[in-house]
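Worksheet for the structure shown next.
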Amino acid sequence: MNKIRLGFIGVGGIATGRHIPTFRTFDEVEIAAVHDVDIKRAEKVAEELGIPGVFADIEDMYPHVDAIVICTPNKFHAELSINAMDNGKHVLCEKPMAMTTEECNAMIEAEKRNGVRLHIAYHYRYMKEAIASKKIIERGMIGDPLVVRVRGLRRRKVPGWGVFTNYDLQGGGALIDYGCHLLDMAMYLMGDVKPVEVSSTTYNHLSRTNTVNEWGHFNRDTFEVEDHVSAFIRFNNGATMLFETSWAANIPEDENHISISGTKAGLDVFNMQVNQADEDLMTTMRIDYIKVDETFSRLQAEDFISAIKYETPLTVTSEEAKEVSKIIEAIYLSSKEQRSIRL
């Protein structure tokens, strides 16, 4: 294969701030085309970044590209991904995979039907802490995961830009935008597990009050998504997860936390510590250095390129991404119906 020609659907901040600059660092990639519902925005980005193709109609873009990167609101992930795959294009789609499990299944069917690769952009898996933690677990240092604690918390940082607080376009708030990253990373570290039961509550009280917000202005009167979630999740192997995420928590400072209590030891992912015990000693092993030479953004792009060129396995498979969406969907349903949801 010559250069992989990439087309972008959606050229907002995540495209121009991360994906386009990252892919441009690869000699084997050409950013060939862009599309956006705001055609003026697409033309401006193309001019500034030297991208040759600007297309008002997505169908007109397909003959000029080999793969598509989808950076749109969540509502359009499934429809656009399926259309691109049915046109024979590989797809890198921003997280979450889709709004519902049913949509995820349709995307996976399109992936199989067309013999293409579907990659969901859960970039936390490519962070050095995730890479090191996966090695620790695969080496058997903590044994089998039993209890997992996940916290993705921000202090008064509701996004005041884009469509993040638009329920119709996004399908939710803090969970589907931010907490999904921690949820995916934790499940990746747990291994081959399937969720079987979810009990949860969602909140949006804090963002309706007239309080300071560090990430810009949003309309509090029309705020229609959750800003805080707490959930308890059971898995098919007997493991459990205590999960919490928020855009607007009343906490001292932001917190990303994943800890895993295993049958042999415990692992604190972001602090990179392994907590051990034997018959007379309790010890803590700290990881002092992690050899990861690339940024998570470049590793993610490299993964997609390699899957296309050499048919290597993707670090984030569509089936795994679907399990995250399945939990997200169950969390929202559990809170709405005020009961546990069996999966």
Side-chain angles (χ1 to χ4, degrees), residues 5-24 29-100 102-104 106-107 110-111 114 116 118-123 158-173 176-178 180 215-219 222-225 301 304 321 325:
R5 300 169 301 165
L6 283 187
F8 277 75
I9 299 178
V11 288
I14 195 66
T16 59
R18 177 177 300 157
H19 292 300
I20 292 176
T22 300
F23 276 113
R24 292 181 76 182
V29 172
E30 175 193 358
I31 311 296
V34 293
H35 162 85
D36 198 279
V37 291
D38 182 349
I39 191 64
K40 296 295 184 184
R41 165 74 179 173
E43 290 171 347
K44 183 174 185 291
V45 168
E47 181 180 0
E48 290 177 350
L49 301 179
I51 299 170
V54 181
F55 294 91
D57 190 326
I58 295 171
E59 299 290 334
D60 294 336
M61 181 168 66
Y62 289 138
H64 303 276
V65 300
D66 305 300
I68 294 290
V69 182
I70 295 173
C71 302
T72 67
N74 303 338
K75 180 178 181 178
F76 309 108
H77 285 185
E79 175 188 350
L80 293 172
S81 295
I82 291 168
N83 184 258
M85 289 186 285
D86 282 342
N87 278 273
K89 308 306 171 187
H90 305 282
V91 171
L92 170 59
C93 180
E94 257 301 327
K95 58 74 195 168
M97 186 172 179
M99 300 271 267
T100 67
E102 183 179 1
E103 288 182 342
C104 293
M107 292 167 74
E111 179 185 23
N114 295 289
V116 293
L118 172 60
H119 187 29
I120 308 302
Y122 279 118
H123 69 259
V158 176
W161 59 89
V163 296
F164 288 103
T165 61
N166 185 314
Y167 177 81
D168 201 43
L169 292 177
Q170 291 295 92
I176 207 166
D177 163 56
Y178 166 47
C180 64
W215 280 3
H217 172 77
F218 61 94
N219 190 333
T222 60
F223 188 83
E224 54 187 358
V225 297
F304 186 52
S325 289

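Keep in mind the model is a prediction, meaning the values are calculated, not measured. Position 1 is the first residue of the sequence; numbering continues from there.
- By the 4.5 Å heavy-atom criterion applied to side chains, Asp177 and Lys95 are counted as neighbours.
- Shown here for Ile14 and Cys71, the closest heavy-atom pair between the two residues is CG2-CB, 3.6 Å.
- Partners of His77 by side-chain contact (heavy atoms from CB on, under 4.5 Å), not counting sequence neighbours, listed by chain and number: Ile70, Thr72, Asn74, Cys93, Glu94, Pro96.
- Rounding to the nearest 0.5 Å gives a distance of 10.0 Å between CZ of Phe8 and OG1 of Thr16.
- Considering only residues two or more places apart in sequence or on other chains, Glu224 meets the side-chain contact (heavy atoms from CB on, under 4.5 Å) condition with Asn166, Tyr167.
- In plain terms, the two heavy atoms of Asp86 and Ala110 that are nearest each other are OD1-CB, 4.3 Å.
- Here Tyr122 pairs with His181 under the ring pair (Phe, Tyr, Trp, His ring centres under 6.0 Å) rule; sequence neighbours left out.
- Taking each heavy atom of Ile31 and Arg24 in turn, the nearest pair found is CG1-CG, 3.7 Å.
- Under the salt bridge (Lys or Arg N to Asp or Glu O under 4.0 Å) criterion, no residue pair touches residues 49-60, with sequence neighbours excluded.
- For the atom pair CG (Leu118) and SG (Cys104), the distance works out to 9.0 Å, reported to the nearest 0.5 Å.
- You'll find the side chain of Phe223 reaches within 4.5 Å of the side chain of Val158, heavy atoms only.
- Heavy atoms only, all atoms of each residue included: Val91 and Ala84 are closest at CG2-CB, 3.7 Å.
- At a threshold of 4.5 Å between non-hydrogen side-chain atoms, the residues Tyr62 and Asn83 count as touching.
- A donor-acceptor pair is defined here as one N or O able to donate and one able to accept, closer than 3.5 Å; such a pair exists between the side chain of Asp36 and the backbone of Val11.
- Each salt bridge (Lys or Arg N to Asp or Glu O under 4.0 Å) pair with one or both residues in residues 6-22, not counting sequence neighbours, would appear here, but there are none.
- For the atom pair CG (Asp66) and NZ (Lys89), the distance works out to 6.0 Å, reported to the nearest 0.5 Å.
- Here the CG atom belonging to Asn87 is positioned 10.0 Å from the CD1 atom belonging to Ile58, to the nearest 0.5 angstrom.
- Here Leu80 contributes atom CG and His35 contributes atom NE2; the two are 7.5 Å apart, rounded to the nearest 0.5 Å.
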Donor-acceptor pairs are to be reported for all side-chain atoms of residues 43-55 against protein atoms at under 3.5 Å, with residues two or more places apart or in another chain.
{"from": "Lys44", "atom 1": "NZ", "to": "Glu48", "atom 2": "OE2", "distance (Å)": "2.6"}

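- Within the 4.5 Å cutoff, the side chain of Phe23 has heavy atoms near those of the Leu92 side chain.
- Ala321 and Met97 get closest at one heavy-atom pair: CB-SD, 3.8 Å.
- Nearest heavy-atom pair, Ala98 versus Glu103, reported as atom, atom and distance to 0.1 Å: CB-OE1, 3.4 Å.
- Judged by distance alone, the side chain of Asn114 and the main-chain N or O of Gly88 form no donor-acceptor pair under 3.5 Å.
- A distance of 6.5 Å separates CG of Leu6 from CZ of Phe304, quoted to the nearest 0.5 Å.
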